[in-house]
Amino acid sequence: MNTKEILNLDIKSIWHPCTQMKDHEKLPIVPIKSGKGVYLYDFEGKSYIDCVSSWWVNLFGHSNDYINSKLKEQIDTLEHVILAGFTHQGIVELSTRLIGLTPKGLDKCFYADNGSSAVEVALKMSYHAHLLDGKKRFKFLSLSNSYHGETIGALSVGSVELYKKTYNPILIECITTPVPKNDEEVDFALTKLKEVLDQEGENISAFILEPLIQCAGGMHIYSSVYIKKAVQMCQERDIYVIFDEIAVGFGRSGSLFAYEQCDVVPDFLCLSKGITAGYMPLSVVMMRDQIYQKFYAPYEEQKAFLHSHSYTGNALACACANATLDIFENQNIIEKNKKLSEYIVSVMKNLNEFDFVANIRHKGMVFAFDLIGFLPDRRVGLEVFEAGLKLGILLRPLGNTIYFMPPYVIEHHHIDYIFDSLKTILKQIKY
Ligand SMILES: *Cc1c(COP(=O)(O)O)cnc(C)c1O
């Protein structure tokens, strides 16, 4: 097929995610033929540097030789088996490794096949665990500006209005407490949290948060001091704490997991996205053994956690996840990323020269800045996106926040090219 054929068939048959399809009357969809390393290639051979890791999932480049080989091995052995009543080597290895990599308190793995489903699992399980203790706690607490996915439960605990507004009448009950906007607001946010806990604490099953970086909420980086104290306040009141590390896990935050920088252990840890380095859908919820033990009883409907997805713990996905952990182990990725991150920061700083570039920020392997001072209905982020494509860089801004969240295999010359291109683009932008 050539570009034209693909685009014609695409627009006839596909409703793309998170997209106003009418936008594509003017802005063509980009058909991708192949990928290698940080590059994606279209059907005309034009390359695009994947600056967003294909929606934050890719870690070690497209078509990574090592992961490919592990996936091919697995495909000739076992592609999938039902996980209820059955198991396989890949998932046993993966679970043992994840438990080994995380502290005591994250002792068991429950699998699903995407991030939102992991959030659903954690929400349902935390509610159910209280129920088994004879407590009906039917509310959840989350932070303002948070994002936890787009299924009904996950959407309910999120608070990015853009995704939520339309569905508000059909969502489950949830309380929002303010995330600190900056370090000066930590005390204020903790006071607000205390107020909510004093009033509603007894009704709350769980507090869910994205530690350190609210990614979909405009790459908002916030204080580990707040997180540590907030977690303690909730755990003191028997409110379970769910860390949604779906986006920040696997090195994005600068450590393998973000909780490491917060000096706390959550009761539930949700992981997905980077878990297979961008290869296959997989997610896992890790939790305390005490929670598992509450459900460990002779069969009774009320005591079993009757939750499953058809592709739960898929063997191909587990092979990719194990290969991903191999790379972390063998290539000292976290340390290497520190140097890479320093370089990116040094280059990104040069964007200071533009009056309309504000809040240049980073944490680990997440980099962002905002375009400010434009008329409210101007989609300047979209303008940057379009101009980026022309220059062979795939940026997908969040509104007027431009972010850079590259695969960890990105090299200095790519980074130079990206930020030179960004400068060219920003120079052409007029107020
Ligand atoms: C992407 C994301 C989710 C949802 O994961 P999906 O696989 O897209 O359902 C949940 N929480 C956070 C923080 C995310 O970034």
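Both counts, for ligands and for their atoms, begin at 1 and track the order of listing. These numbers were taken from a predicted model, which means no experiment stands behind them.
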Taking N or O atoms only and a 3.5 Å limit, does Gly149 qualify as a polar contact for ligand 1?
no
Applying a heavy-atom cut-off of 4.0 Å, say which part of Glu210 lies close to ligand 1: side chain, backbone, both or neither.
side chain
May I ask you to check if ligand 1 and Ser116 share an N or O to N or O distance below 3.5 Å?
yes
Give the numbers and elements of all ligand 1 atoms closer than 4.0 Å to a heavy atom of Ala247.
15 (O)
Quick check, are the ring centers of Phe257 and Phe243 under 6.0 angstrom apart?
no
Lys108/Asp289 salt bridge by N-O under 4.0 Å criterion
yes
Glu195 meets the side-chain hydrogen bond (donor to acceptor under 3.5 Å, both in side chains) criterion, sequence neighbours left out, with none
Classify the contact between Trp55 and ligand 1 as side chain, backbone, both or neither, using a heavy-atom distance cut-off of under 4.0 Å.
neither
Aromatic contact, Tyr240 with His130 (centres under 6.0 Å)
yes
Presence of salt bridge, Lys36 and Asp50, under 4.0 angstrom
no
A student checking ligand 1 against His148 at a 4.0 Å heavy-atom cut-off should list atoms 10 (C), 11 (N)
Would you confirm whether Ser159, through its side chain, and Asn145, through its main-chain N or O, come within 3.5 Å as a donor-acceptor pair?
yes
Would you say the ring centers of Tyr66 and Phe60 fall short of 6.0 Å from each other?
no
So if I count the atoms of ligand 1 from 1 in the order they appear, which ones are less than 4.0 Å from some heavy atom of Lys273?
1 (C), 2 (C), 3 (C), 14 (C), 15 (O)
With a 4.0 Å cut-off on N to O distance, would you call Asp198 and Lys194 a salt bridge?
yes
Regarding ligand 1, does Trp56 bring an N or O atom to under 3.5 Å of one of the ligand's N or O atoms?
no
among protein heavy atoms, the one nearest atom 7 (O) of ligand 1 is Gly115 N, 2.8 Å
For ligand 1, which atoms sit closer than 4.0 Å to a heavy atom of Asp244?
10 (C), 11 (N), 12 (C), 13 (C)
Between Glu150 and ligand 1, which residue portion shows a heavy-atom distance shorter than 4.0 Å: side chain, backbone, both, or neither?
neither
